Structure formats: C-alpha cells, structure tokens
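Protein chains get the first letters and strands the later ones, always in sequence-line order, with residue 1 at the start of each. Note that the coordinates shown come from a computational prediction; the quantities given were computed from them, not determined experimentally. Side chains are part of it too, since the values below use all heavy atoms of this structure and drop only hydrogens, waters and symmetry mates.
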Amino acid sequence: MAETTKKSQAPKEYKTMAIPEEPGDDEYKTMAIPEEPGDERQKQASKKAFGEK
Amino acid sequence: MILLAGGALDPHLTRALGRAEARGIPARGLLVGPETWPTLTLSVPDGALSLDGEALRPTALWVRHDVFAALADPRAAVAARALDWYDTLLGYVALNPGLRVLNREALGRRVNKLAALGLAARLGLRVPQGVVTNDLQACRARENEALVAKPLRGGGLCVPLADALAEQADEDAAAPSPAFVQERLFGPELRVTLVGARAFTFELHTDALDHRATPDAPFDRAEDPPEAVLSPLRALAGALGLELCAADLKRDARGALVLLEMNAQPMYTAYDTACGGAITDAVLDLLGSPG
C-alpha cells in the first residue's frame with residue numbers, strides 16, 4: 001500500500017516541476033549556491049559556462 | 001510584531017529571530033522546515049493571515065526564498081515546496097499594500113544580469129568589459145588573452161576562458177548556451193552589504209578567480225568604497241528596489257573598482273558574525289523603520 005502511494009504521488013510532483021508558468025520560474029534552481037565564504041555547500045557549483053548538450 | 005518568513009534552515013532568519021528576542025523586539029517566525037511547516041490560511045482578496053490558528057497582523061515582513069532546504073534535500077518536491085511558500089508570501093505582500101516589507105519592490109522580480117550591469121554603468125559604476133556569446137570559434141581565437149567565462153544566469157563558477165572552452169567539444173563552432181566572456185579582474189574581492197543607509201564592507205582574500213571555489217578564504221572588515229563608488233551603488237540598489245542587498249566588486253588592471261553583480265538576497269552570516277551581529281541588527285532596525 002505504501003509503495004502504491006509513493007508511485008501515485010511522484011507524477012504530480014514531476015508535473016509541478018516540469019511546466020514553468022513563465023520564464024524564470026526555475027530561477028530558484030540557480031540560487032542554490034550561497035555566495036558566502038565558509039559555506040561547504042558552495043562546492044556544489046559545477047555548471048558549465050557555455051552550457052551542456 | 002515583525003514577521004520573518006522563509007526556511008527553517010536559513011541562518012539569516014534564525015539568527016534574526018534570536019537577536020530580536022535578545023533586543024526585546026516582538027518578532028515571529030514563519031519557518032518551513034525539511035519535515036515541519038506551519039498551518040497557514042491567507043484570505044483572498046482581503047489579505048488576512050492566520051498562522052497556526054492565530055490571526056497575525058505584523059507591522060513588518062522580511063521574506064526570503066528558501067534555498068537551504070533544497071541544499072539539504074535535493075528532491076524536486078523540496079524546491080517546489082520552497083517556491084510554493086515564497087509565492088504565497090509574495091501574494092500576502094501584494095494583498096497588503098500598506099505593510100512594511102523589506103525589498104518590497106524587488107520581491108519576485110527577476111533581474112536580468114545584463115540589465116543590471118547596463119543600469120549600473122549608466123549610474124556611473126565601472127562594470128566588466130566583455131561580451132555575451134556562444135561563438136566558440138571567436139573565443140578560441142582569444143583563449144590566450146586574460147579573459148574569463150561564467151554562466152549568464154549564475155549558478156556556476158567564473159573560470160579562465162580556456163577552461164570553459166575545454167568543456168566544449170572541439171568540433172563545435174557554437175556552444176549550447178551564451179556565456180559572459182569578459183576581462184579578468186583582480187582581488188581582493190570586496191563584498192559591500194547595504195542595509196538601508198548603512199554599509200558593511202569586507203575584503204575577501206583568495207587567489208581563486210571565484211571566491212566560491214575557496215570557501216575557507218579569509219576575510220577582513222574593510223573601509224567602505226569611496227563615495228564615487230558607494231553613491232552609485234546606493235543609487236543602483238534604489239533603482240532595483242533593494243534596501244537589503246550586497247554588491248561584489250573587484251579591481252581592473254589599473255586598480256579601479258568594478259562591479260561584478262548586485263545580490264538581491266544576500267548571504268552574509270559569516271560577515272555578520274565577524275562584525276558582532278551588526279548586519280542582523282541593522283536589518284531589524286530597518287524593519288522597524290517606516291521604509
């Protein structure tokens with residue numbers, strides 16, 4: 001039963017994320033690198049300057 | 001009562017709540033955690049707010065879009081939840097036009113980096129000289145020059161142009177995305193956090209092109225930039241609707257200060273700690289001012 005519930009919820013989340021209502025809606029994804037010294041999470045920065053195929 | 005809204009893991013909000021309590025400033029948190037969140041009802045269109053069953057009528061609001069929860073838990077649902085709460089609070093702001101809201105005019109507004117740099121230049125600030133391009137052939141012809149590349153929308157590090165080119169396929173003439181390609185600038189980097197009329201300037205010591213590559217880089221409190229720079233920085237903040245923001249500056253080959261960017265939701269806890277919580281106190285003072 002628990003497994004069924006998980007599967008039924010996943011597509012809803014996917015749909016929420018996959019259809020931006022306007023340009024810039026997914027800007028928050030690029031905000032995930034705090035620009036502050038001392039924060040280990042900054043190491044997550046890895047986006048290529050010229051993008052990826 | 002001041003309402004501080006955002007992520008439960010956002011140290012800027014939690015330390016502001018702690019400091020408000022220490023100073024006797026009435027404050028309340030609306031904090032969304034990884035596994036817990038408050039019960040909220042916002043009446044539409046009158047804008048009345050109920051939080052955990054209690055009607056709230058704050059005198060001022062500071063809302064921050066939570067990025068910390070998604071850092072702790074990368075599931076898409078977590079980032080979506082943060083956006084849901086932020087959007088709800090933006091709606092609360094819109095339905096309460098008389099409420100004192102920090103950075104009210106800038107909330108929810110996406111500022112194009114090129115537009116901000118153009119505005120900064122028109123206000124008299126020096127900005128990096130360069131281009132935005134995906135022309136790999138033209139860039140390869142200049143890869144031995146003192147140039148750097150960085151993503152147009154942020155999110156990645158500033159790197160030497162040659163390094164950015166090495167990430168692209170040799171046979172490609174055009175890259176998938178345009179990027180900033182601009183003059184290489186020099187440290188130490190200045191971080192100027194503006195809180196209303198106050199400025200808190202720190203100098204960051206690192207040999208890295210991008211200080212985020214060296215998260216343990218030391219920093220010191222520094223003199224504020226000269227008025228010829230500080231004044232247009234304030235003008236830029238005003239034009240962008242920012243009462244709380246932070247400017248990043250480096251120097252060109254001749255030593256002139258160059259604005260890299262203006263951050264609308266600055267991260268400053270390390271600097272705040274270094275100056276004894278003065279930035280947090282200034283934010284609380286600003287929230288208590290008429291605006």
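Scanning both residues, B:Ser177 and A:Gly51, for their nearest heavy atoms gives OG-CA, 3.8 Å. The shortest heavy-atom contact between B:Ala175 and A:Phe50 is CB-CB, 3.5 Å.
Within residues 135-146 of chain B, the residues having any heavy atom less than 4.5 Å from a heavy atom of chain A are, in residue-number order, B:Leu136, B:Cys139. Residue-level contacts of residues 159-166 of chain B with chain A, in order of numbering, are B:Leu161, B:Ala164, B:Leu165; threshold 4.5 Å between heavy atoms.
Contact count against chain A (heavy-atom pairs under 4.5 Å) is highest for B:Pro151 among B:Ala149, B:Ala169, B:Pro151.
Neither the backbone nor the side chain of B:Asp66 comes within contact range of chain A, judged by heavy atoms closer than 4.5 Å.
Partners of B:Asp210 by side-chain hydrogen bond (donor to acceptor under 3.5 Å, both in side chains), not counting sequence neighbours, listed by chain and number: B:Arg212.
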Side-chain donor/acceptor pairs under 3.5 Å, residues 181-189 of chain B, sequence neighbours excluded:
from     : atom 1 : to       : atom 2 : distance (Å)
B:Glu183 : OE1    : B:Arg126 : NH2    : 3.3
B:Glu183 : OE2    : B:Arg126 : NH1    : 3.1
B:Glu183 : OE2    : B:Arg126 : NH2    : 3.2
B:Glu183 : OE2    : B:Gln129 : N      : 2.9

